[in-house]
Amino acid sequence: MSAEGLTASPRAQIRLTDVQLYGGLFATAVAAFCLAQVMGHRFGAATEVVAVLGDATCGWSWLLVRALFQRTAPRQGARERWPLMLVLTLVGAGAFLRLAPDMAMSLPRMVGNISGLVSSALLLLAAVEPLKGLGAGVSASERRFRIGFTAGYAAILAVAVVWVNGAPDGSWAARWSGEIKMVCALIALAGMGFAVGWRRRHPLTAVGRSRARPLTDEEAGLGDRILSLMTEEAIYVQPDLKVADLSRRLGEAEYRVSRSIAGLGFRNFNQMANRFRIEEAKRRLADPALRRLPILTIAYDCGFGSIGPFNRAFKAETGQTPQAFRGRARP
């Protein structure tokens, strides 16, 4: 269980609709890129129109990676507009370059240079984005997912961008550059599909840290120790756990523990414990290997003393019953 799976407000949950939206646009761009490679120059203007749709593949991949891995929630649930506008600008620039009658003109050449720099920057940002969430409190499975994704993404970039684009004229890589890039694009599409499916089963949320006043360094350190106990030792599975038990484990006064919990963005200790329990229950309900495990057993294993409080807490947190959540989580 990870603090990365928690939030002080349901609004902080990373919306899977963004993942689906950008995943669909990325898949469309990849399909257009591959189709343009197959069409070649035989279809004239039709090929150029299709190629325009595939030119912003790097931009859509960046937006998809941000949706998959960003830890902070958009303000008040509103989608940030500037990343999308940036990618749409790249699409427009690609259309301009494709339809420009003379690439020797200074304006198209300048637009092409800028677009190339921005596209390269987005590719690098997409490779770095998963690594931003490898701090303390990240579960082992999330860490493996992020590292594996980054390694695969970097390998594709090394082949499709570094190796192919840097190949000498007349070399095997230069002659087959289009085909190599098409294969890399299809591998990237398959990898992104796997990542989207994994994220649907393991929704990513951000830890809310809204607080009435700034915490001192000492209080912030105590908050990190609290999260460490909850994430690494999973003490929330104890159904009778109280703030007094936590303070004894930490060797700190109860009022200081309560103040640090509030600094983490929770109303009180019970809300924090139940949030961890619900997130663990969500993980188990979404696990295909535990599909036959009764919901009551999951509730007990996650620290709830009975099914009634579990159902009420789960619905208050997710907006749906545990049974409905398990049904929607099935692949």
Side-chain angles (χ1 to χ4, degrees), residues 1-8 12-27 30 57-74 79-80 83 87 120-162 184-209 224 227-228 230-234 264 275-276 278-280 282-289 329 331:
M1 179 63 194
S2 165
E4 189 161 344
L6 299 179
T7 174
Q13 186 167 3
I14 302 302
R15 294 163 302 164
L16 292 178
T17 52
D18 283 357
V19 173
Q20 295 164 355
L21 170 63
Y22 297 136
L25 290 170
F26 174 73
V30 169
T57 304
C58 59
W60 298 128
S61 69
W62 172 59
L63 290 177
L64 177 55
V65 171
R66 290 182 80 249
L68 284 168
F69 293 105
Q70 63 179 352
R71 300 188 63 179
T72 54
R79 182 183 291 116
E80 292 180 292
V87 174
S120 298
L122 295 186
L123 288 175
L124 292 176
L125 287 174
V128 171
E129 188 71 37
L131 301 179
K132 295 179 181 178
L134 290 180
V138 178
S139 65
S141 60
E142 179 71 21
R143 180 175 287 106
R144 287 193 298 270
F145 175 51
R146 287 173 177 266
I147 293 176
F149 183 95
T150 301
Y153 195 95
I156 292 174
L157 290 185
V159 173
V161 179
V162 179
C184 288
L186 293 174
I187 294 175
L189 180 60
M192 287 292 193
F194 172 81
V196 169
W198 198 93
R199 182 56 75 209
R200 288 185 62 188
R201 297 189 298 272
H202 305 83
L204 179 64
T205 55
V207 178
R209 286 186 176 251
D224 290 339
L227 287 179
S228 179
M230 302 297 281
T231 59
E232 297 177 11
E233 300 189 30
L264 293 172
R275 187 66 54 77
F276 276 93
I278 292 297
E279 289 299 325
E280 177 63 16
K282 287 164 61 178
R283 186 191 67 78
R284 298 190 183 200
L285 289 170
D287 189 344

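The structure displayed is predicted, hence computed values, not measured ones. Residue numbers run from 1 in the order of the sequence given. Atoms considered below: every heavy atom in the structure, side chains included; atoms not considered: hydrogens, waters and symmetry mates.
Among the candidates Leu63, Val87, Val65, the single residue satisfying the side-chain contact (heavy atoms from CB on, under 4.5 Å) test with Tyr22 is Leu63.
By the side-chain contact (heavy atoms from CB on, under 4.5 Å) test, Val162 is found to be paired with no residue, residues two or more places apart in sequence or in another chain being considered. With sequence neighbours left out, the ring-ring contact (aromatic ring centres under 6.0 Å, His included) criterion links Trp62 to Trp82. Here Ile147 pairs with Leu134, Arg143 under the side-chain contact (heavy atoms from CB on, under 4.5 Å) rule; sequence neighbours left out.
We find the CD-CG distance between Glu280 and Leu285 to be 10.0 Å, quoted to the nearest 0.5 Å. Between the CZ atom in Arg199 and the CD atom in Gln20 there is a gap of 13.5 Å [rounded to 0.5 Å]. Taken from CG in Asp224 to OG1 in Thr231, the straight-line distance is 10.0 Å, to the nearest 0.5 Å. Atom CG of Leu157 sits about 5.5 Å away from atom CG of Leu123, to the nearest 0.5 Å. Separating the OG1 atom in Thr57 from the CG atom in Leu189 is a distance of 10.0 Å, to the nearest 0.5 Å. Taking CD of Glu129 as the start and CG of Leu68 as the end, the distance is 10.0 Å to the nearest 0.5 Å.
Summarising the geometry of Val159 relative to Cys184, their closest heavy-atom pair is CG1-SG, 3.6 Å, with the distance given to 0.1 Å. Taking each heavy atom of Thr150 and Pro130 in turn, the nearest pair found is OG1-CB, 3.4 Å. Residues Ser61 and Tyr153 share a closest heavy-atom pair of OG-OH, 3.3 Å. Of all heavy-atom pairs between Phe26 and Trp60, the closest is CA-CB, 3.8 Å.
For the pair Val196/Leu64, a side-chain contact is recorded, criterion being any heavy-atom separation below 4.5 Å from C-beta on. Using a 4.5 Å cut-off on side-chain heavy atoms (C-beta onward), Phe69 and Leu131 make no contact.
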